[in-house]
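These notes concern the structure reproduced below.
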Protein chains: 2
Amino acid sequence: MIVILLYLQTNILSMINLLSNLKISVPDKIFIKDPESSDLGKRIIEHSILLIEEIGFDNFTFKKLGAKIGSNESSIYRYFESKHKLLLYLTSWYWAWIEYQLVFATHNIPNKKEQLFKAIEVVTKSIKEDVAFSHINEVVLNRIIVNEYSKSYLTKEVDNENEEGYFAIYKRLITRLSGIISNVDNSYEYPLSLASTIVEGALHQHFLKSHFRTITDCDQDITPTDFFTNLTIKVLNI
Amino acid sequence: MIVILLYLQTNILSMINLLSNLKISVPDKIFIKDPESSDLGKRIIEHSILLIEEIGFDNFTFKKLGAKIGSNESSIYRYFESKHKLLLYLTSWYWAWIEYQLVFATHNIPNKKEQLFKAIEVVTKSIKEDVAFSHINEVVLNRIIVNEYSKSYLTKEVDNENEEGYFAIYKRLITRLSGIISNVDNSYEYPLSLASTIVEGALHQHFLKSHFRTITDCDQDITPTDFFTNLTIKVLNI
DNA sequence: GAATTTATGATAGTAATACTATTATATTTG
DNA sequence: CAAATATAATAGTATTACTATCATAAATTC
């Protein structure tokens, strides 16, 4: 019993350690100065998440953020050249964090089907628990992704920014999921489209669940994870 | 032969007649003054579509539109209280037009499966031909929907605007498609989520095809219609 | 056909946004 | 302790997203 507890504790501690030491890496062209490198930078990230959730990205300004953190607008501009870049930072961070969980949660599952189910769960679930020891509130960040992610790429600058690598992490996540799908059914013709549909579609179902309840079956009992797991089972005939 | 030609011609003519007489109806709270009621109103609609396509919705302003149509910014404000309302108008018009096509194209198909395939085609295809005799360019409007539709509901005001009925047409379209799905397989548990996933997902696949080619299987040969038709066949086991 | 209503145009003005630039003042580091 | 670096404060600009007012043109009605 003590051995088991110790073992569990060691695992939990090593995971905490891993999570707090592991620096989620965001393409460095997105920021002017790395917000992880200073106290002000971390406060910018922490409170931008809370403020965007509160008033929405469209109403969010650096001036309002400055007021919230008792800092000056001009200081925030030393970290990000625009609020759009800050959104790119937050979304890249989020998808890197999801990718990390995907790799971590699936890598020691030998059964390919179970691996796929786990992967779908990771990319479609709503985040309920915050990893409390960082300045980033993942629960709130998840809600921002649902409401604002599309705005990061639905722009006239998307092709240039894509070339600069701003969407690399997201695309790598989709590619990974696609690979896990193909591992289960190598003959399926549309693994990339299925993967991108699951990830984007799950965000959309979460949105509908909160705002357009009449056009989704998702509710308190049925989750987007249930819907997309069922869909994938049928599409891959497993 | 003459009889057939005459018959075809009659059909085409009656369709042209139907299309040019049929006024696509948009919830009237969206506008201040109905743009269909005047020449200036029609020019506003016609050129807003072209200008939004050209510079993107984020960079679009009534001042720029005024310059384009040789009219004054203040005159445009007499039709729409904001550019957001104009986007709601354009998207409502688009979905009403798609809904019309859905009903028209499916209503005389007796076979339920074929009806579903036709419905999926209507909601997932990219528009290639403009119905030339109106001021609305449907090909360009379709591209605007792909790039801008999400912005119409990803706002802090979505719940209020939803109560005002601004998204009623879109929701009705999804409900219709859901009904067609249930007609084919009444035991399927997620007809609404599948319908909303097909419609939103098709827009997303069209976007990926143009901008993030590495995370979709759709290209010149494979269309979003192919992908979602195949997916639906497998999900409903038909 | 004059009077009146309605539609559009022109101009001005406001508060907020999305920044840039400059200078001053802390804080950290060699 | 000097020098470098980070942050704060202030000012300024062009643009946006409107509102308000007044003038004029066109259409409608009496």
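When reading the values below, keep in mind they use all heavy atoms of this one structure, side chains included, and skip hydrogens, waters and symmetry mates. Naming convention: chains lettered A, B, ... in sequence-line order (proteins, then strands); numbering from 1 in each chain.
Within 6.0 Å of the NZ atom in K63(B), the count of heavy atoms belonging to other residues, nucleotides or ligands does not exceed 12. By the 6.0 Å contact criterion, NZ on K156(A) is enclosed, its count of non-hydrogen atoms from other residues, nucleotides or ligands being greater than 12.
Atoms CG and OH, from N142(A) and Y149(A) in turn, are 13.5 Å apart once rounded to the nearest 0.5 Å.
Residue K33(B) is in sugar-phosphate contact alone, with no base atom involved, counting any heavy-atom pair closer than 4.0 Å across all strands shown. Note on Y77(A): a base of the nucleic acid sits closer than 4.0 angstrom, heavy atoms only. Using a 4.0 Å heavy-atom cutoff across all strands shown, F80(A) reaches no nucleic acid atom at all.
In this structure a side-chain-to-backbone donor-acceptor pair under 3.5 Å is missing from D219(A) to K209(A). Listed for the R43(B) side chain is a donor-acceptor partner under 3.5 Å among the backbone atoms of I69(B). Under the 3.5 Å distance criterion, the side-chain polar atoms of E73(B) are left unmatched by any main-chain donor or acceptor of G66(B). Checked by atom type and distance alone, the side chain of S196(B) pairs as donor or acceptor with a backbone atom of S193(B) at under 3.5 Å. Without hydrogens or angle criteria, H135(B) side chain to E36(B) main chain gives no donor-acceptor distance under 3.5 Å.
Atom CD1 in I32(A) sits roughly 14 Å away from atom C1' in dA6(D) (whole-Å rounding). For the pair L40(B) CG and dA26(D) C1', the computed distance is 13 Å after rounding to whole Å. Between the CZ atom of F62(B) and the C1' atom of dT11(C) there is a distance of 19 Å, rounded to whole Å. Rounded to an integer number of Å, the gap from K42(A) NZ to dT7(D) P is 12 Å. Taking atom CD of residue E81(B) and atom P of nucleotide dA20(D), one finds them 13 Å apart after rounding to whole Å. In this structure, the CD1 atom of I44(A) is 13 Å from the P atom of dA6(D), given to the nearest Å. Rounding to whole angstrom units, CD1 of residue I76(B) and P of dT19(D) are separated by 14 Å. Atom NZ of K83(B) and atom C1' of dA17(D) are 9 Å apart (whole Å).
For DNA chain D, no neighbouring residue in residues 51-61 of chain A is found when judged by any heavy atom under 4.0 Å.
Seen from the ring of F60(A), K83(A) does not count as a face-on cation partner, given the 6.0 Å and 45° thresholds.
Of the side-chain N and O atoms in S75(B), one or more sit less than 4.0 angstrom from OP1 or OP2 of dG9(C). K64(A) has a side-chain polar atom (N or O) that falls below the 4.0 Å cut-off from OP1 or OP2 of dT17(C). Between K63(A) and the phosphate of dA18(C), there is no side-chain N or O to OP1/OP2 separation shorter than 4.0 Å. Dashed line: the shortest gap from a side-chain N or O of S38(A) to OP1 or OP2 of dT7(D) is under 4.0 Å.
Taking the side chain as every heavy atom from C-beta outward, T197(A) and Q205(B) approach each other to under 4.5 Å.
The salt bridge (charged side-chain N to carboxylate O under 4.0 Å, His left out) test applied to K85(A) returns E81(A), not counting sequence neighbours. Scored by the salt bridge (charged side-chain N to carboxylate O under 4.0 Å, His left out) test, K125(A) finds no partners at all (sequence neighbours excluded).
Ion pairing between a basic and an acidic side chain is recognised when a charged N comes within 4.0 Å of a carboxylate O; K64(A) and E54(A) show no such pairing.
For the helix from dG1(C)-dC30(D) to dG30(C)-dC1(D), the angle separating the two terminal helix axes comes to 10°, with each axis derived from five pairs and the value rounded to 10°.
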Produce the list of close N/O pairs, under 3.5 Å, pairing protein atoms with atoms of nucleotides 9-13 of chain D; give distances to one decimal.
unit_1: dA9(D); atom_1: N7; unit_2: S74(A); atom_2: OG; d: 3.4
unit_1: dA9(D); atom_1: N6; unit_2: S74(A); atom_2: OG; d: 3.4

Report all interatomic pairs (protein N or O, nucleotide N or O of nucleotides 24-27 of chain C) with separations under 3.5 Å.
none

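Taking the six-membered ring where the residue is Trp, F207(A) and H204(A) present parallel rings, their angle staying beneath 30° rather than reaching 60°.
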K151(A) and D58(A): CA distance, side-chain angles, deciding distance, salt bridge (Lys or Arg N to Asp or Glu O under 4.0 Å) verdict: CA-CA 10 Å; K151(A) 296 173 190 170; D58(A) 298 341; 3.4 Å; yes

